[in-house]
**Student:** 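First, the structure itself, so that you have it in front of you.
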Amino acid sequence: MKPPLHATTPQSVRRRVEAMEALLERLVTIPGTNRQMGLDVILDVVPGVGSVAAGALGAWMLWEARNLGMSKWQMTRMAGNVGIDTLLGAIPWVGAIPDFFFRSNTRNLRIIKRHLDRHHPATVTLER
């Protein structure tokens, strides 16, 4: 049985950050291509608040990482990814283009997964 979503177990944290990364980076596939785009890029089209909202959602992944007890170095790298993403996205309209290629949430998910795989091996999931 799966624990409730609000649980702080490493398994539930993994599921939540994977779901957030999918929402932010892989929500829809662009027709005619294999490229995926998520809410992060879509929000960057909204001048001003879009980039801040996307940055706040990315910062939520940092909060989850902090709750896992990740190292300060890992947290700093993740914060840097979110910061770069937020700054790039702050450029009106054009900011969505570099944000499409610099997927900070995917990078941060990779860092979290490495930590979970090393410190909580029971959370490992096989990907297709």
**Student:** Measure the spacing between NZ of K72 and CZ of R66 and express it to the nearest 0.5 Å.
**Tutor:**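 So the NZ of K72 and the CZ of R66 are separated by 11.0 Å.
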**Student:** Test N67 against V13 for side chain to side chain contact (heavy atoms under 4.5 Å, CB included), laying out the working first.
**Tutor:** CA-CA 9 Å; N67 290 338; V13 171; 5.9 Å; no
**Student:** Same cluster for V82 and L23 if Ile/Leu/Val/Met/Phe/Trp/Tyr side chains link at under 4.5 Å?
**Tutor:**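 Yes.
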**Student:** Give, for atom CD1 of I111 and atom CH2 of W73, the distance between the pair rounded to the nearest 0.5 Å.
**Tutor:**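 Going from CD1 on I111 over to CH2 on W73, the span is 9.0 Å.
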**Student:** Give me the atom names and distance for the closest heavy-atom approach of A122 to Q11.
**Tutor:**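 So the minimum-distance heavy-atom pair works out to CB-NE2, 4.2 Å.
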**Student:** With a 4.5 Å cut-off on side-chain heavy atoms, are I112 and M78 touching?
**Tutor:**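 Sidechains of I112 and M78: in contact.
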**Student:** I97 and I42: same hydrophobic cluster, using ILVMFWY side-chain contacts below 4.5 Å?
**Tutor:**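 Yes; I42 is reachable from I97 via cluster members.
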**Student:** Is K113 close to V17 at the side-chain level, that is, under 4.5 Å between some pair of heavy atoms?
**Tutor:**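 When only atoms from C-beta onward are counted, K113 and V17 do not touch, as no gap falls below 4.5 Å.
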**Student:** Suppose we screen for side chain to side chain donor-acceptor pair (under 3.5 Å). Which residues come up paired with D117, at least two apart in sequence or across chains?
**Tutor:**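 Scan of D117 (side chain to side chain donor-acceptor pair (under 3.5 Å), adjacent residues dropped) gives R14.
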**Student:** How about L43 and L57: do any of their side-chain heavy atoms sit closer than 4.5 Å?
**Tutor:**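 Yes - at least one pair of side-chain heavy atoms lies under 4.5 Å apart.
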**Student:** Which residue is it: L39, T106, L109? I am looking for the one with a side-chain contact (heavy atoms from CB on, under 4.5 Å) to L24.
**Tutor:**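 Answer to the side-chain contact (heavy atoms from CB on, under 4.5 Å) test with L24 among L39, T106, L109: L39.
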**Student:** When N105 is tested against each of E25, R110, R26, E21 for side-chain hydrogen bond (donor to acceptor under 3.5 Å, both in side chains), which residue passes?
**Tutor:**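 Considering E25, R110, R26, E21, a side-chain hydrogen bond (donor to acceptor under 3.5 Å, both in side chains) with N105 is found only for E25.
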**Student:** For the backbone of T86 and the side chain of S51, can you confirm whether one donor and one acceptor N or O come within less than 3.5 Å of each other?
**Tutor:**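 Yes; at least one donor-acceptor contact below 3.5 Å.
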**Student:** Taking only residues two or more places apart in sequence, or in another chain, which ones meet R35 in a side-chain contact (heavy atoms from CB on, under 4.5 Å)?
**Tutor:**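 Applying side-chain contact (heavy atoms from CB on, under 4.5 Å) to R35 gives I30, T33, F100, F101, R103.
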**Student:** Counting distance only, does the side-chain N/O of Q74 pair as donor-acceptor with the main-chain N or O of S71 below 3.5 Å?
**Tutor:**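 Yes; judged by distance alone, with no hydrogens or angles, the pair exists.
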**Student:** Calculate, to the nearest 0.5 Å, the distance between atoms CG and OG belonging to L88 and S104 respectively.
**Tutor:**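 If I round to the nearest 0.5 Å, the distance is 9.0 Å.
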**Student:** Please give me the minimum heavy-atom distance between P10 and T123, naming the atom from each residue.
**Tutor:**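 Minimum heavy-atom contact is CB-CG2, 3.5 Å.
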**Student:** Group every Ile, Leu, Val, Met, Phe, Trp and Tyr by side-chain heavy-atom contacts under 4.5 Å, then state whether V41 and V45 land in the same group.
**Tutor:**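 Looking at the clustering, V45 is in a separate group from V41.
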**Student:** Considering only heavy atoms from C-beta outward, does the side chain of V28 approach that of Q36 to under 4.5 Å?
**Tutor:**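 Side chain of V28 against side chain of Q36, heavy atoms only: no contact under 4.5 Å found.
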**Student:** Are M20 and L27 grouped together when hydrophobic residues (ILVMFWY) are joined by side-chain heavy atoms under 4.5 angstrom apart?
**Tutor:**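 M20 and L27: one cluster.
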**Student:** Same cluster or not: are L62 and I84 linked, directly or through other Ile, Leu, Val, Met, Phe, Trp or Tyr residues, by side-chain heavy atoms under 4.5 angstrom apart?
**Tutor:**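 Shared cluster, no.
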**Student:** Rounded to the nearest 0.5 Å, what's the gap from CD on E18 to CE on M61? Could you check?
**Tutor:**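 Reported value, rounded in 0.5 Å steps: 9.0 Å.
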**Student:** Could you give the distance from OG1 (T76) to CG (N81), rounded to the nearest 0.5 Å?
**Tutor:**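 CG of N81 is found 11.0 Å from OG1 of T76.
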